[in-house]
Structure formats: structure tokens, C-alpha cells
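We count ligands from 1, going down the list as the structure has it; atoms in each ligand are counted the same way.
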Amino acid sequence: MRSVTATLAAPVSKARQAFLRDVLEGLQSQPKRLQSKYFYDAAGDALFQQIMHCPEYYLTRCEMEILETQSAAIVSAIRAVASQADLVELGAGDASKSIHLLREWMRAGIGNRYYPIDISGNIIRHLQDTLPEQIPGLDVQGLNGEYMEMLARSGQTPGRARVVMFMGSSIGNFTPEEAMGFLSEVRRQLRPGDFLLIGFDLQKNPRLILDAYNDRQGFTRDFNLNLLTRINRELDADFQRHHFLHYPTYDPSTGACKSFLVSLRDQAVHIGGSIIRFRKDEPIYMEISQKYTPDGIREMASSCGFAPVKNFTDDKNWFVDALWQA
Ligand code: AVI
């Protein structure tokens with residue numbers, strides 16, 4: 001019995017150790033930073049759902065419109081080159097947007113295998129249970145884990161191309177340099193003729209972008225502050241959320257939309273046995289949501305070893321799902 005408990009406890013404490021190490025390393029750096037990948041505990045997931053439904057956050061609606069209205073065109077652009085293919089989705093989430101593409105995929109007879117990859121085991125189980133009921137004949141092979149490891153595990157079926165999807169402007173949460181490294185790694189895992197379908201948020205009126213990260217109901221503020229609550233709970237810390245200000249910024253000359261939490265006073269915070277001191281007005285850099293231009297997207301494709309095939313945009317031209325070929 002004891003050894004079973006030890007085996008079950010091990011991954012949790014390993015994850016906690018990595019979380020503690022990243023938090024301390026980030027807050028002991030100059031300038032201070034935290035990693036946005038830690039936003040997504042249960043409360044963070046719920047807040048992100050609220051963000052996606054709030055009026056200012058246009059990204060989800062734009063991409064939904066693209067997939068609702070242009071999935072058939074996306075599938076036929078792929079089918080013009082590959083008669084049979086498997087779909088792999090990095091960060092599948094609830095697949096509420098991808099389901100439109102999956103329906104067209106099945107209708108076109110290009111294949112029936114879908115590999116959703118997600119860091120959340122709950123999401124993968126949910127997709128495996130519900131998608132085949134919604135799309136009869138779809139073979140869902142869920143993979144729970146880190147993107148690159150799982151992409152390697154999804155493998156290549158002989159005679160079939162692979163189409164990797166990375167939607168929702170998740171690439172925006174990397175700096176352009178990190179994005180280049182990540183996409184070059186994806187390219188290394190693909191064979192010539194495979195595809196990448198990737199969502200980019202476009203540069204636009206700076207007000208619209210800033211408002212999307214500063215919604216009036218305060219969901220984005222709470223989403224950022226929730227990471228302090230998570231650190232308190234999981235790492236034995238004593239952040240006081242009301243001593244920090246949510247401060248989003250957008251630089252229209254670079255397309256970098258960055259969120260900060262700014263300390264409202266001189267203060268000391270205890271985290272897992274260490275003390276971190278904050279000066280009044282000192283920022284913690286929380287997240288980047290990089291916005292791109294069509295030229296920047298094309299350049300990114302070629303520097304990562306892809307050929308741009310076609311951009312699919314919404315009616316307002318605010319968002320792009322770009323189809324690239326390896
Ligand atoms: C997940 N990601 C694409 C979102 C974004 O727009 O950068 C995360 C987010 N952060 C604040 N609002 C939404």
C-alpha cells in the first residue's frame with residue numbers, strides 16, 4: 001500500500017518542484033517575471049472560458065467564424081496535395097472550433113484519425129468520450145502530455161500525410177524568437193508534404209487589442225491575479241492580491257501585447273521558504289500575446305522551413321489561420 005501511495009505522489013511533487021523552481025527563478029530575475037503557462041489551474045481554465053466569451057476578446061469569435069465558414073476550403077486546399085492524411089492538434093482544448101474542420105475532414109473522406117494533444121488528462125478523456133458521438137466514425141487517439149513529446153509519439157502512418165493544427169493564437173504566447181524555435185522544432189518532426197495550420201492574431205487598431213486584454217468585467221485582471229492565488233495555495237506563499245495592479249500594454253510598433261502585475265507598495269512575499277522583495281511600482285512581466293502582420297507571418301513560415309500555402313481570414317481581417325506546407 002505504501003509503495004502505491006509513493007508512486008502516485010511522485011509526479012505531483014515533481015510538478016510542484018518544477019513550479020517552485022520556475023517561480024523563484026522568475027521572481028529572483030531582473031526584471032521579475034512569471035510564466036503564463038502556469039495560468040491554467042482549474043480557476044484559470046474557468047476564467048479563460050469567461051475571457052473567451054467577453055465582448056472585448058474578439059480572437060475566439062474571429063477564429064470560430066473562419067472555421068465555421070471556411071473549413072471546406074481549408075480541407076480542399078489540403079486535399080489538392082494529399083489524398084489521405086491524419087490530423088494532429090497541439091493544445092486541442094474542448095475542440096469547439098476544430099469540430100467544424102473535423103466534420104469537413106470526414107465528409108471529404110481524407111481520413112478519420114484525429115490525435116488531440118493536451119497537457120490536461122481531463123480534456124483528453126472528455127474528447128475521447130464525446131467526439132466520436134458527435135462525429136460518427138472519427139477515430140480519436142488522445143495524447144496527454146507536452147506538445148513535442150506527444151507529436152513525436154503520434155508518429156507518421158506510411159502513405160499518409162500529417163496535418164498539425166496549432167490554433168487560437170497560442171503561438172502569440174511565445175516571443176517571436178521563441179516562436180521561431182518552436183515552429184522550427186515542429187518542422188523537424190514533419191516530413192516534406194505535411195502541413196501546419198496555425199492561428200495568428202493580426203496587428204490592428206491598438207485600442208481594440210488593448211481592450212481585449214483589459215476587459216471591463218475584469219476577467220483578464222483576475223486571470224493574471226489568479227496565478228498569485230495559485231502560488232499561495234500550491235507553494236506555501238503569502239501574496240496579497242490587492243497589493244498588485246493588472247497593467248496590460250500594447251506596442252503598435254512591434255506588435256507586442258504584454259501584461260504586467262505592478263506592486264502597489266514596498267512589500268515582501270514568502271514563497272516556499274524564500275523571501276521575495278518588491279519595490280513600490282515594480283512590475284512582474286506575466287505574459288506576451290504577440291500580434292503579427294501578413295508579411296511577418298510569411299517570413300516566419302520561410303525562416304522555419306515551411307512554404308505558405310494560403311491564409312484564411314475572418315470578415316474583418318483581424319485573425320488568420322495560415323496553412324503552411326513542410
Ligand atoms: C491562450 N492565449 C492565446 C490567450 C492570448 O490571447 O494570449 C491567453 C490570454 N491571456 C489573456 N487573455 C487571453
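- Residue contacts with ligand 1 include Tyr57, since one of its heavy atoms falls under 4.0 Å from the ligand.
- For atom 8 (C) of ligand 1, the closest non-hydrogen atom of the protein is Glu287 OE2, 3.5 Å.
- Note: Tyr285 and Phe260 have tilted aromatic rings, judged against thresholds of 30 and 60 degrees for the angle between ring planes.
- Residue Asn173 approaches ligand 1 through these ligand atoms, each under 4.0 Å from one of its heavy atoms: 1 (C), 2 (N), 3 (C), 4 (C), 5 (C), 7 (O).
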For this session: Decide yes or no on ring pair (Phe, Tyr, Trp, His ring centres under 6.0 Å) for Phe182 and Phe166, but give the supporting numbers first.
Result: CA-CA 11 Å; Phe182 178 81; Phe166 192 44; 5.2 Å; yes
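- By the criterion of a heavy-atom distance under 4.0 Å, the side chain of Tyr40, and not its backbone, is placed next to ligand 1.
- Here the side chains of Leu90 and Met167 are not in contact, with every heavy-atom distance at 4.5 Å or above.
- Side-chain contact between Pro294 and Phe200: absent, with no pair of heavy atoms (C-beta onward) separated by less than 4.5 Å.
- Every atom of ligand 1 is numbered from 1 in the order shown, and the set under 4.0 Å from a heavy atom of Ser169 is 3 (C).
- Salt bridge status for Arg162 with Asp86: absent, with no side-chain N to carboxylate O gap under 4.0 Å.
- In summary, the atoms of ligand 1 found under 4.0 Å from a heavy atom of Gly168, numbered by their order in the structure, are 3 (C).
- Cation-pi geometry between Arg230 and Phe19 is met: the NZ or CZ atom falls under 6.0 Å from the ring centre, inside 45° of the normal.
- Under 4.0 angstrom from ligand 1, the non-hydrogen atoms of Phe48 all belong to its side chain.
- The shortest N or O to N or O distance between Tyr213 and ligand 1 is below 3.5 Å.
- Every atom of ligand 1 with a heavy atom of Phe223 under 4.0 Å away is listed here by number and element: 9 (C), 10 (N), 11 (C).
- Proximity of the aromatic rings of Tyr250 and Tyr213 is defined here by a centroid distance below 6.0 angstrom, and this criterion is not met.
- Atom 7 (O) of ligand 1 has its closest protein heavy atom at Ser289 OG, 2.7 Å.
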